[in-house]
**Student:** 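I'd like to ask you about the structure that follows.
Since the model is a prediction, treat every value here as computed from it, not as a measurement.
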Amino acid sequence: MDRKLKGTLAESKVISEFILNGCNIFMPFADNGFYDLIAEKNEKLYKVSVKFSSFVNKAGSYCVTLKTVSRRKDNKTKINVFDNTKYEN
């Protein structure tokens with residue numbers, strides 16, 4: 001299974017869990033945003049970035065990369081890092 005298909009499968013599973021928990025789901029029209037979907041519940045919006053992982057560490061936890069570095073068309077470096085201050089339970 002290629003990476004794109006794994007990502008689509010992960011998004012599908014996340015979407016179904018949100019729907020089962022009473023959320024409305026909104027998807028970006030283009031595939032170039034910083035998030036994969038928006039979940040809405042009780043009039044609050046949550047931007048969600050879905051990650052797929054098949055790597056399990058020694059403790060049995062799945063591991064994903066929370067930092068990406070990319071080179072933009074204008075040759076500027078763009079770094080996306082997980083911001084735990086924006087995390088909500």
**Student:** Quick check: does any side chain N or O of Asp36 sit under 3.5 Å from a backbone N or O of Ser49, one acting as donor and the other as acceptor?
**Tutor:** no
**Student:** Please tell me whether Leu5 and Leu9 are part of a single hydrophobic cluster in this structure, the criterion being side-chain heavy atoms less than 4.5 Å apart.
**Tutor:** yes
**Student:** Quick one: CZ on Phe52 to CD on Glu11, what's the gap to the nearest 0.5 Å?
**Tutor:** 12.5 Å
**Student:** I'd like to know if the side chain of Ser53 and the backbone of Cys63 have a donor-acceptor N/O pair within less than 3.5 Å.
**Tutor:** yes
**Student:** For Lys41 and Asn21, indicate whether the former's side chain and the latter's backbone hold a donor-acceptor pair under 3.5 Å.
**Tutor:** yes
**Student:** Taking all heavy atoms of Tyr35 and all of Val48, pick out the closest pair and write down the distance.
**Tutor:** CB-O, 3.4 Å
**Student:** Could you grab the distance from atom CG of Leu37 to atom CZ of Phe18, nearest 0.5 Å is fine?
**Tutor:** 6.0 Å
**Student:** Given the rule that I, L, V, M, F, W and Y join up when any side-chain heavy atoms are under 4.5 Å apart, are Ile19 and Met27 in one cluster?
**Tutor:** yes
**Student:** Less than 4.5 Å apart, side chain to side chain, heavy atoms only: is that true for Ile25 and Glu40?
**Tutor:** no
**Student:** At what distance, to the nearest 0.5 angstrom, does OH of Tyr46 lie from CD1 of Ile38?
**Tutor:** 13.0 Å
**Student:** Which heavy atom of Lys6 sits nearest to which heavy atom of Met1, and what is that distance?
**Tutor:** CE-O, 3.2 Å
**Student:** Verify the neighbour count for atom CZ of Phe26: are there more than 12 heavy atoms of other residues, nucleotides or ligands below 6.0 Å?
**Tutor:** yes
**Student:** Donor-acceptor check, side chain of Asn57 to backbone of Ala59, threshold 3.5 angstrom: yes or no?
**Tutor:** yes
